[in-house]
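Just so we're on the same page: letters track the sequence lines, and every chain starts at 1. No experiment lies behind these values; they were computed from the predicted model shown.
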Protein chains: 2
Amino acid sequence: MRDVFHADLANVSLTEVMHGLSDPLRLRIVDLLARRGETECFAIYSALGISKSNASHHFRVLRECGLLRRLHQGQQQSARLRTDEFEERFPGLLTAVLSNVDDALRADSAESSPVGA
Amino acid sequence: MRDVFHADLANVSLTEVMHGLSDPLRLRIVDLLARRGETECFAIYSALGISKSNASHHFRVLRECGLLRRLHQGQQQSARLRTDEFEERFPGLLTAVLSNVDDALRADSAESSPVGA
DNA sequence: TGGACAGTACAACAGTCGTTGAACCTTTGG
DNA sequence: CCAAAGGTTCAACGACTGTTGTACTGTCCA
């Protein structure tokens, strides 16, 4: 669990980024991270209701396209968006994407206890 | 060659759009269309150096996610970006994507006669 | 009417992707 | 030292995707 690969944003292509964001689950992860800031990995795949392996897979894709950084602080790890670096490499892109995240997509990701309505 | 499917932008999800833009060829098509405006289909897949069937396939994906509209004017047809409609549905998204198209990507798509350099 | 041409539809293939479960590694806590 | 917990890795599977070639549809021109 030591060091995982983190993309050098200079080497990341727009195509890779678009691919990274083309999956609903990953879009939810990114949106969730954007709203919560640094978040524990457990909390993420718990909120999304997916398995550890699956989450780990998507985390990796997101790391490989430079969107996500993993922070390991012992047993429980966390992740955060590389917002500023990403903004330098792809100005305005992440903002534009996040501002267009559908509520339908977001709802599933945020609600672990859908009580209301 | 009569009527092809064009997506109702209201029903298009962000995920579909991101998927539509996650292919380098499609990204080039969109970029090319953005710079040239309405363009003949032949000119597009000629500039990209791909087969008719392949181009038609990508055109369809682009139509299905609401990015492209086909205009049939007889034998030779053309396509154009649904810029304004798309902007209404996904504000700022297309602009942000297009402004981040790498030159490397663009070079291949624009140059049918790579003379310079 | 016929043939050339532009584009689409279909079938087929290889390659990739998302998902799952099991095994593994590392840290934490007894 | 051992066991539990958090994540990653691996192999495997089905599903989807991009590409190609061929057949088909529709249009233009002679």
Q: Let me know, please, whether A:Ser22 or A:Lys52 comes out on the 5' side of the other along DNA chain C by nearest nucleotide.
A: A:Ser22
Q | Nearest-neighbour nucleotide for the B:His57 side chain, C:dA4, C:dT19, D:dG18 considered | A | D:dG18
Q: Calculate the interatomic distance between B:Gln76 atom CD and D:dC28 atom P; express it in whole Å.
A: 11 Å
Q: Name the nucleic acid region contacted by A:Tyr45, choosing base, sugar-phosphate or nothing; use a 4.0 angstrom heavy-atom cut-off, strictly under.
A: sugar-phosphate
Q: Output yes when at least one side-chain N/O atom of B:His58 is less than 4.0 Å from OP1 or OP2 of D:dT19, else no.
A: yes
Q.
Can you tell me which nucleotide in C:dA9, C:dG7, D:dG7 comes closest to the side chain of B:Arg60?
A. C:dA9
(Q) Between P on C:dG7 and CG on B:Leu68, what's the gap in Å once rounded to a whole number? (A) 12 Å
Q.
Using a distance-only criterion (donor-acceptor N/O pair, under 3.5 Å, no hydrogens), is the base of D:dG21 paired with the side chain of B:Ser53?
A. yes
(Q) Within this structure, what is the NE2-CG distance for the pair B:His6 and B:Leu62, rounded to the nearest 0.5 Å? (A) 10.5 Å
Q | Side chain A:Arg26, main chain A:Gly20, donor-acceptor under 3.5 Å | A | yes
Q. Taking atom CZ of B:Arg89 and atom CG of B:Leu14, what is their separation to the nearest 0.5 Å?
A. 8.0 Å
Q: Round to the nearest Å and state the distance from A:Met18 atom CE to D:dG18 atom P.
A: 14 Å
Q: Please state how far atom CG in B:Leu48 lies from atom C1' in D:dT19, giving the value in whole angstrom units.
A: 14 Å
Q. Should A:Arg70 be listed as having a side-chain N or O under 4.0 Å from OP1 or OP2 of D:dG6?
A. no
Q: Give the nucleotide from the list C:dG18, C:dT20, D:dG18 with an atom nearest to the side chain of B:Arg26.
A: D:dG18
Q.
Among C:dT8, C:dA4, D:dG7, which nucleotide has an atom closest to any side-chain atom of B:Gln75?
A. C:dA4
Q: Could you state the atom-to-atom distance from CD of B:Gln77 to P of C:dA6 in whole Å?
A: 11 Å
Q: Using a cut-off of strictly less than 4.0 Å, decide whether A:Asn54 has a side-chain nitrogen or oxygen near OP1 or OP2 of C:dT20.
A: yes
(Q) Could you check whether A:Arg82 pairs with A:Glu87 (Lys NZ or Arg NE/NH1/NH2 to Asp/Glu carboxylate O, under 4.0 Å)? (A) no
Q) Across the strands shown, which category fits B:Ile50 at heavy-atom distances under 4.0 angstrom: base, sugar-phosphate, nothing? A) nothing
**Q.** Nucleotide C:dA6, atom P - distance to CG of B:Leu71 in whole Å
**A.** 18 Å
Q. Rounding to a whole Å, what distance do you find between B:Leu62:CG and D:dG18:C1'?
A. 14 Å
Q: State whether A:Arg106 and A:Asp103 are salt-bridged, where the test is any N-O pair (Lys NZ or Arg NE/NH1/NH2 against Asp/Glu carboxylate O) under 4.0 Å.
A: yes
Q: Check the distance between C:dT16's C1' and B:Asp23's CG and give it to me in whole angstrom.
A: 12 Å
